[in-house]
Amino acid sequence: MAGGDVKGRGTWATGIGFILAAAGSAVGLGNIWRFPYITAENGGGAFVLIYLGCIVLVGLPIMIAEIMIGRSTQKSTVSAFRELSGKGSPWISLGWIGVLCGFLILSYYAVVAGWALHYVWRSISGAFTGQSADQLQAAFEQLSTDGGQSILGMMIFMAITMALVLGGVEKGIERWARILMPVLLLMLVGLLLHSLTLSGFGDAFRFVFGFHADDLTGAGVLEALGHSFFTLSLGMGAMLTYGSYLHRKADIVGNSVAIALLDTGIALLACLVLFPITFTAGIETAQGPGLVFISLPIAFAKMAGGGILATVFFALLSFAALTSTISMLEVAVSYFIDEHGWKRRKATLVSGAAITLIGIPSALGRNWFDLMADFTSNILLPVGGLGTALFIAWKVGDRLRRDEFIAGSRFATFYGLWLGVLRFFVPIAVGLVFLKAIGINIF
Ligand code: PFF
């Protein structure tokens, strides 16, 4: 499908290009690094089920709303909210939250992405082979506390992200999504085939899909909801921005379903790759962020062919992170292009350099890193997502909303259901996450 280039802003050249770029934004460290360890921390199957419910009932409806705002205005976050709500309207602050989030999330996300890159190098150079569990644990602790190495990794990752964003929508973002996403899927399937042969696969499968209601806690439910925002890249205008490059006739609902399915499928596959490896090696999984960077290398060190598997795994993690960092940078870049009339080159270089600078404190210390991660995921994203839902559900006219929903869609009959969920269920559910974030626990 060819797009109509709106005022030279750029547009997706193909329908599949949009799906891959948006799925690339969604699939990232959240799926492969974070989802498995929060699943382990929350006892497995019951948490997974609640998470799936959150994706369908909260994430998907908000994704449709976000893409709608972008597509109808063909503008980036701040300009889009201004166009739909009028100059000086408080709703415009949702656009600002998006730009701020783009800067803040990317600043710490790039640090973890830099570690992933570092681990690709370590795997290739055989640094894991023959290492004891203690040595591997110490190696990660050393990397994550050695500011110099973390800053270097982060800078390299930011430089690659900037280079790809410089190419623009079609020749940069879309082109690389079309290369990286299929490679990522191939690597994941290859690793899955390997995990299927391991003795721990059965236990891992039961862990991820077995439902034990007693494992579920109120905090787990809220964590699942919060994660569904992060993993689908919602609440900060990334989907809005990508939607602004979408062709007028494209099916927003069908595309959103495809993106959510890819994102969720890959998160589940990541669990089915990871847990058989750690279960077979008899390693503790409830290790938090160290699951991927400590437990997994320990298991790889014990396995035949572990060096190759480790290389593939960390390359997969880096690729997944890259298609996400591209989308975060694009939120900031498109803001400067649309609002200040900057050229893409200037917008990319200035915002990329600023984000790299803001990332330095995250690379230097856990406290700042955790502050950034908690503030963005627990406060800014829920506020942005809730605001977007309220905006589309209650503020914009039915005409725009309905037209955008049904344009070219096979799902037109679900319009009423979607609107009902967005009007009532989403605000209550997201309100609960938000209350928890500010310390009020309803459960
Ligand atoms: N969805 C990404 C992940 O799961 O890793 C993270 C992310 C990307 C969040 C882009 C927000 C965003 F705008």
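For the numbers below, each heavy atom of this structure counts, side chains included, while hydrogens, waters and symmetry mates do not. Just so it is clear, the structure is predicted and the values come from calculations on it, not from any experiment. Throughout, residue positions are numbered sequentially from 1 according to the sequence presented. One-based numbering, in listed order, for ligands and for the atoms of each.
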Exercise. Are the charged groups of Arg344 and Glu330 less than 4.0 angstrom apart, N to O?
Worked result: yes

Between ligand 1 and the protein, which N/O pairs fall short of 3.5 Å?
residue, atom, partner, partner atom, Å
ligand 1, 1 (N), Ser25, O, 3.2
ligand 1, 1 (N), Ala26, O, 2.9
ligand 1, 1 (N), Phe230, O, 2.8
ligand 1, 1 (N), Thr231, O, 3.1
ligand 1, 1 (N), Ser233, OG, 3.1
ligand 1, 4 (O), Ala26, O, 3.1
ligand 1, 4 (O), Gly30, N, 3.4
ligand 1, 4 (O), Asn31, OD1, 3.4
ligand 1, 5 (O), Leu29, N, 3.1
ligand 1, 5 (O), Gly30, N, 2.8
ligand 1, 5 (O), Tyr109, OH, 2.5

For this session: Can you run down the ring-ring contact (aromatic ring centres under 6.0 Å, His included) pairs that involve residues 343-381, sequence neighbours left out, and say none if there aren't any?
Result: Tyr108-Phe369

Exercise. Listed by chain and number, what are the side-chain contact (heavy atoms from CB on, under 4.5 Å) partners of Ala347, not counting sequence neighbours?
Worked result: Val333, Phe336, Ile337, Trp342

Exercise. Which residues pass the side-chain contact (heavy atoms from CB on, under 4.5 Å) test with His118, sequence neighbours left out?
Worked result: Arg122, Leu143, Gln149

Exercise. Per the side-chain hydrogen bond (donor to acceptor under 3.5 Å, both in side chains) rule, which among Ser25, Ser327, Ser324 passes with Ser233?
Worked result: Ser25

Problem set entry | Whether Tyr51 and Phe35 hold their rings parallel, tilted or perpendicular, with breakpoints at 30° and 60° | tilted

